Amino acid sequence: MPGLLERETHAGLQRGDERLARAELRRQIGRLERELAGLAAEAFPLRTIATGIGAPQGPPRIAGLAELERVRDALAERIGEARRARAEQAELWKRNRELLERMLADPGAYKWVRVSRADIGEHGCGHWHSRPRLGPLGMLMGWWRVKVSSGCPLAGRLAAVER
Amino acid sequence: MEGAETGSEATWQSSPEQGWVAPRVAAEFPGLGIAWVEVDARPTSSSSEPVRRRLRDLSDRFYGAHAIHMREQPVPWSYRVFFRQIGLDPDRVRTPAEQLALDRLHDGAFLTRGLPADAVTIAIAETCVALRAYDAARLEGRLCIRESAPGESLLGYPGQLEHGTLTIADERGPVELLFGGEPECGAERDTRRVAIVAVQVKGVPQVAVDEALWIAASMLQAA
């Protein structure tokens with residue numbers, strides 16, 4: 001992941017100045033942490049992004065070069081995984097949206113198929129369901145349609161269930 | 001500790017005391033700082049109604065989405081990054097603001113734990129600045145952030161501190177790990193004066209630190 005790691009060559013690093021190197025690694029860790037936080041927030045609530053990197057435990061200390069490098073690399077790896085997962089998810093949502101379009105155009109070809117809002121990357125509780133009109137009669141006659149659900153239950157209904 | 005103003009109208013100093021950071025630590029972590037205010041206050045097991053009401057109001061304003069998006073905000077992000085930089089994993093050892101958020105989601109509310117804990121909770125929830133409450137009488141001199149010297153130890157911490165451990169210390173010695181530990185001199189039943197201590201890291205503006213200290217101190221003072 002060269003784009004993420006940006007192994008820049010500083011004059012200070014060439015001089016072997018470890019403090020400059022640590023400062024640079026800390027800067028990179030900050031940037032990667034921000035990016036990972038953004039990916040996690042963007043995915044919420046449809047997906048969960050793992051942000052843990054399994055860093056070794058110990059007391060707070062001035063972390064050395066090797067440790068900072070491990071943290072930086074682990075964060076970069078997590079971001080890479082999150083990006084891949086996002087791309088795969090986006091592809092799945094795209095395919096589901098295409099399926100929904102085909103289903104809306106020809107419900108009879110997609111009998112009983114149900115696509116939820118979450119399946120196409122939208123928030124909320126609704127779904128599209130290919131069902132026969134007039135129940136068994138519609139099944140026999142081939143009268144299929146896509147029924148759109150009414151969305152999330154209202155608070156009043158939920159309260160009634162709790163009672 | 002010195003430096004506290006006590007007058008007829010205010011029992012805490014008008015501006016926070018600034019501690020110092022050891023030169024080696026300051027060179028590694030520019031922007032790291034420690035500040036505190038002292039308030040005449042007695043710890044209580046239950047807070048007054050205004051404090052409890054404020055906790056309830058905060059609970060009503062805080063949801064799961066806040067906890068997720070918190071990491072994108074500058075102050076909580078700064079502490080997360082700092083944790084990573086000092087070898088702590090913020091997903092295991094939570095930053096104070098994230099720990100509060102987690103507790104809020106777990107408990108369904110910011111639970112009252114008496115004073116000064118509630119005052120600190122409110123200030124952290126409002127500002128996300130890392131705060132601690134100590135018994136001021138058990139602190140000596142100015143507070144600082146420094147690495148532990150060989151042979152130093154900390155109450156509640158097994159054995160001697162590993163040389164180079166980052167600590168909050170007074171003139172006698174370490175009083176707490178910089179993050180991820182329990183204070184050696186936290187406020188207890190016989191405490192009569194509380195020191196509210198803020199640890200500032202790079203990216204946390206001074207105004208946020210001042211606000212956090214002011215909120216906590218005014219909560220304690222009003223109680």
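Keep in mind it's a predicted model, so treat the numbers as computed, not measured. Every heavy atom of this structure was used, including side-chain atoms; hydrogens, water molecules and symmetry mates were not. Note on naming: letters A, B, ... go to the chains in the order of the sequence lines (proteins, then strands), and numbering restarts at 1 for each one.
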(message) Tell me whether B/Trp214 contacts the main-chain N or O of B/Ser15 through its side chain, where contact means a donor paired with an acceptor under 3.5 Å.
(response) no
(message) Please classify the contact between A/Ile62 and chain B as side chain, backbone, both or neither, with a heavy-atom cut-off of under 4.5 Å.
(response) both
(request) Measure A/Glu67 against the heavy atoms of chain B and call it side chain, backbone, both or neither at under 4.5 Å. (result)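 For A/Glu67, the side chain is the part near chain B, not the backbone.
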(request) Give the member of B/Thr165, B/Val93, B/Leu161 that has the highest number of heavy-atom pairs under 4.5 Å with chain A. (result) B/Thr165
(request) Name the member of B/Phe179, B/Phe82, B/Phe29, B/Phe83 that forms the most heavy-atom pairs with chain A at distances under 4.5 Å. (result)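 Most heavy-atom pairs within the cutoff with chain A belong to B/Phe29.
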Name each donor-acceptor pair under 3.5 Å that joins a side chain in residues 167-175 of chain B to protein atoms two or more places apart or in another chain, with its distance.
{"from": "B/Thr167", "atom 1": "OG1", "to": "B/Arg146", "atom 2": "O", "distance (Å)": "3.1"}
{"from": "B/Asp170", "atom 1": "OD1", "to": "B/Arg172", "atom 2": "N", "distance (Å)": "2.9"}
{"from": "B/Asp170", "atom 1": "OD1", "to": "B/Gly173", "atom 2": "N", "distance (Å)": "3.0"}
{"from": "B/Asp170", "atom 1": "OD2", "to": "B/Glu140", "atom 2": "N", "distance (Å)": "3.0"}
{"from": "B/Arg172", "atom 1": "NH2", "to": "B/Arg138", "atom 2": "O", "distance (Å)": "2.4"}

(message) When you measure from the centre of the six-membered ring of A/Trp128, is the NZ or CZ of A/Arg114 closer than 6.0 Å and no more than 45° off the axis?
(response) no
(message) Against the six-membered ring of B/Phe110, is B/Arg52 placed for a cation-pi contact (under 6.0 Å from the centre, within 45° of the normal)?
(response)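 The answer is no; the distance or angle limit is not met.
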(request) Looking only at non-hydrogen atoms, find the nearest pair between A/Ala21 and A/Leu65 and report the distance. (result)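 For A/Ala21 and A/Leu65, the tightest heavy-atom pair comes out as CB-CD2, 3.5 Å.
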(message) Report which part of B/Glu162 has an atom under 4.5 Å of a heavy atom belonging to chain A: side chain, backbone, both, or neither.
(response) side chain
(request) Counting only heavy atoms closer than 4.5 Å, note whether B/Gln85 contacts chain A via side chain, backbone, both or neither. (result) both
